[in-house]
There are 2 protein chains.
Amino acid sequence: MEKIKRSAYQHAYETIRDKILNGNLTGGEKIVEDRLATELRMSRTPVREAIRKLEEEGLIKSKKVINPTSEELRQTFEVRVLLECHAVRCAALYMDENRKKQLYECVVTASTGSRDEVMAANERFHTLIVHASSNPVLVSMIERMSSVIYLFRREVVYYNRPNLIDEHRMIYKAINEGDADLAEKLMKNHLEADLAFSLHSPGFTKE
Amino acid sequence: MEKIKRSAYQHAYETIRDKILNGNLTGGEKIVEDRLATELRMSRTPVREAIRKLEEEGLIKSKKVINPTSEELRQTFEVRVLLECHAVRCAALYMDENRKKQLYECVVTASTGSRDEVMAANERFHTLIVHASSNPVLVSMIERMSSVIYLFRREVVYYNRPNLIDEHRMIYKAINEGDADLAEKLMKNHLEADLAFSLHSPGFTKE
DNA sequence: ATAATCTGAATTGTATACAAAAGATAAAAG
DNA sequence: CTTTTATCTTTTGTATACAATTCAGATTAT
């Protein structure tokens with residue numbers, strides 16, 4: 001059991017981010033540098049830098065954990081649709097056989113694996129497609145959005161959404177057959193269904 | 001002549017960013033916290049934070065000013081096309097008369113104004129369209145890319161590109177007539193022409 | 001001459017200290 | 001009773017100090 005030594009800054013960043021994503025720091029809550037610094041047993045300096053980074057990512061705004069509204073979720077998904085639909089077109093046109101095989105394995109795992117395996121496989125499915133764009137700018141933008149998306153649907157038991165696996169399977173098929181138009185259309189529907197499901201999940205009954 | 005007092009951090013951020021965009025700090029150059037701090041007559045702390053922000057924006061990578069390649073410029077434009085084409089569709093479908101009028105004024109100014117007015121009008125033309133998306137997430141992503149785009153074409157005498165103003169005029173017309181498909185197509189061509197021009201400009205003859 | 005290792009200088013990362021600003025509480029005025 | 005403002009407290013912004021790391025050049029071994 002070797003101990004990898006991360007920098008204090010990185011440690012702070014990851015810990016605080018996870019606290020937010022897990023709901024240990026909840027929406028609207030005030031972020032106090034000093035409190036976190038003593039809690040993490042380090043000085044305020046690296047904590048400060050971590051907070052700034054989280055502000056960039058949109059998880060924190062003016063020293064408070066963001067309180068996501070359904071409107072923001074829609075806006076984020078609107079951009080996500082644009083980017084991922086482009087990526088899936090690239091996948092249909094250019095993805096090599098090896099990657100296609102990996103994609104297929106994600107679909108299989110998602111219908112047979114354990115709870116955690118299913119989660120991981122579904123996430124990997126999207127990641128593979130996004131990377132098929134071969135465009136680091138696009139990839140980094142999707143990654144930037146992922147925390148916020150995750151936060152929004154924290155309480156959604158995601159892998160239980162009906163049809164999700166079937167939709168993935170159909171997208172895979174379109175990619176495999178090189179049908180870019182179909183793949184794009186399916187991806188759009190898929191993401192919109194996802195959004196609708198998130199909006200109607202328990203976490204959002206308030207709105 | 002009133003003196004607005006910005007925070008040291010903000011001052012540092014703006015100064016360093018401008019130095020990079022103007023070419024005072026040139027590609028590949030090492031960024032040294034201490035040097036900048038003494039130069040700006042402040043401590044390293046705010047300088048550090050400014051540098052981190054510039055790293056987020058992609059102007060600095062591992063303490064060096066980035067050295068843009070034509071490949072990166074293409075990748076950035078690929079994303080820009082996706083986002084702005086969506087925005088221009090929204091503009092065609094939903095932009096109100098007042099905004100359309102402002103858009104038209106940009107076209108007029110661009111063909112009659114002074115050097116600086118032309119620059120400003122052309123930039124505002126795009127900004128107006130991007131904001132027509134009514135999507136802050138999309139807007140912020142475009143903004144994030146803008147520094148890098150500007151850096152890439154630092155040496156391009158942008159407003160001298162042939163046809164640019166005509167292209168803007170045609171896009172305006174499509175928006176004004178509510179023809180989303182046409183507007184989108186024109187915008188795509190416009191941005192691609194822009195990219196091609198940037199790639200063939202003096203600054204890139206090396207590649 | 002080349003590669004390996006050592007040494008010292010430059011630079012970054014983290015901690016602490018203090019000053020400025022923002023916020024909360026309580027007393028005074030309307 | 002509400003609003004104001006005065007005072008105290010908390011929190012943030014910036015400066016300074018020190019430790020850890022990285023990097024360049026010199027020195028030695030092969």
Side-chain angles (χ1 to χ4, degrees), chain A residues 1-21 23-67 140 144 147 151, chain B residues 1-20 23-67 140 144 147-148 151:
Chain A
M1 194 91 334
E2 48 192 318
K3 212 176 169 181
I4 308 268
K5 207 178 149 197
R6 292 166 308 183
S7 70
Y9 155 71
Q10 204 171 342
H11 179 55
Y13 167 71
E14 287 167 12
T15 312
I16 300 172
R17 185 198 54 195
D18 291 349
K19 267 177 184 291
I20 295 175
L21 295 183
N24 285 355
L25 285 169
T26 121
E29 193 161 339
K30 184 86 194 290
I31 298 284
V32 180
E33 294 173 6
D34 204 44
R35 211 178 59 67
L36 284 167
T38 41
E39 191 179 323
L40 299 175
R41 257 166 281 191
M42 58 178 72
S43 81
R44 272 176 54 215
T45 316
V47 171
R48 247 181 106 72
E49 299 188 351
I51 289 174
R52 261 202 206 284
K53 175 142 183 174
L54 290 164
E55 276 177 337
E56 288 290 322
E57 265 180 48
L59 284 178
I60 294 178
K61 275 210 175 74
S62 53
K63 313 281 159 190
K64 299 223 180 63
V65 178
I66 57 158
N67 220 335
S140 81
R144 172 176 308 282
S147 292
L151 175 61
Chain B
M1 195 90 332
E2 47 192 319
K3 212 176 169 182
I4 309 267
K5 208 179 149 194
R6 292 167 307 183
S7 70
Y9 155 72
Q10 205 173 342
H11 179 55
Y13 167 72
E14 286 167 13
T15 312
I16 300 172
R17 185 198 54 194
D18 291 348
K19 267 176 184 291
I20 295 175
N24 285 355
L25 284 170
T26 120
E29 194 161 338
K30 184 87 194 289
I31 298 284
V32 180
E33 293 172 8
D34 205 43
R35 210 178 61 64
L36 285 168
T38 41
E39 190 179 324
L40 300 176
R41 260 165 278 190
M42 58 178 71
S43 81
R44 273 176 55 215
T45 316
V47 171
R48 247 181 105 71
E49 300 188 350
I51 290 173
R52 262 204 205 283
K53 175 142 186 179
L54 290 164
E55 276 176 337
E56 289 289 322
E57 266 180 47
L59 284 178
I60 294 178
K61 274 210 176 77
S62 53
K63 313 280 159 191
K64 300 223 179 65
V65 178
I66 57 158
N67 220 335
S140 81
R144 172 176 308 282
S147 291
V148 175
L151 175 61

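Sequence lines set the chain letters: A, B, ... in the order given, protein chains first and strands last, and positions in each chain run from 1.
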Is the closest side-chain heavy-atom distance between [X] and [Y] below 4.5 Å?
| X | Y | value |
| --- | --- | --- |
| I16(A) | L59(A) | no |
| T26(B) | V65(B) | no |
| E29(B) | K19(B) | no |

Rounded to whole Å, how long is the line connecting atom [atom1] of [X] with atom [atom2] of [N]?
| X | N | atom1 | atom2 | value |
| --- | --- | --- | --- | --- |
| L40(A) | dT14(C) | CG | P | 13 Å |
| D34(A) | dT10(D) | CG | P | 11 Å |
| H11(A) | dT14(C) | NE2 | P | 11 Å |
| E49(A) | dT12(C) | CD | C1' | 10 Å |
| E33(A) | dT14(D) | CD | P | 11 Å |
| Y13(A) | dT14(C) | OH | P | 16 Å |
| R48(B) | dT14(C) | CZ | C1' | 8 Å |
| K63(B) | dT11(C) | NZ | C1' | 9 Å |

Partner residues of I66(B) under the side-chain contact (heavy atoms from CB on, under 4.5 Å) criterion, sequence neighbours left out
K61(B), L151(B)

From the options dG13(C), dT12(D), dT14(D), select the nucleotide whose nearest atom is closest to the side chain of V32(A).
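Of the candidates, dT12(D) comes closest.
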
Answer yes or no: is there an ion pair linking R144(B) with E56(A), defined by an N-O contact shorter than 4.0 Å?
yes

Could you check whether I31(A) gets within reach of a base, just the sugar-phosphate, or nothing at all, counting any heavy atom under 4.0 Å?
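The answer is sugar-phosphate, as I31(A) gets under 4.0 Å only of primed atoms, P, OP1 or OP2.
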
Per-nt protein contacts along nucleotides 15-25 of chain C (heavy atom under 4.0 Å; B base, S backbone sugar-phosphate only, - none) come out as BBB--------

Closest approach of E55(B) and S62(B), non-hydrogen atoms and distance?
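Looking at all heavy atoms of both residues, the closest pair is OE2-N, 3.9 Å.
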
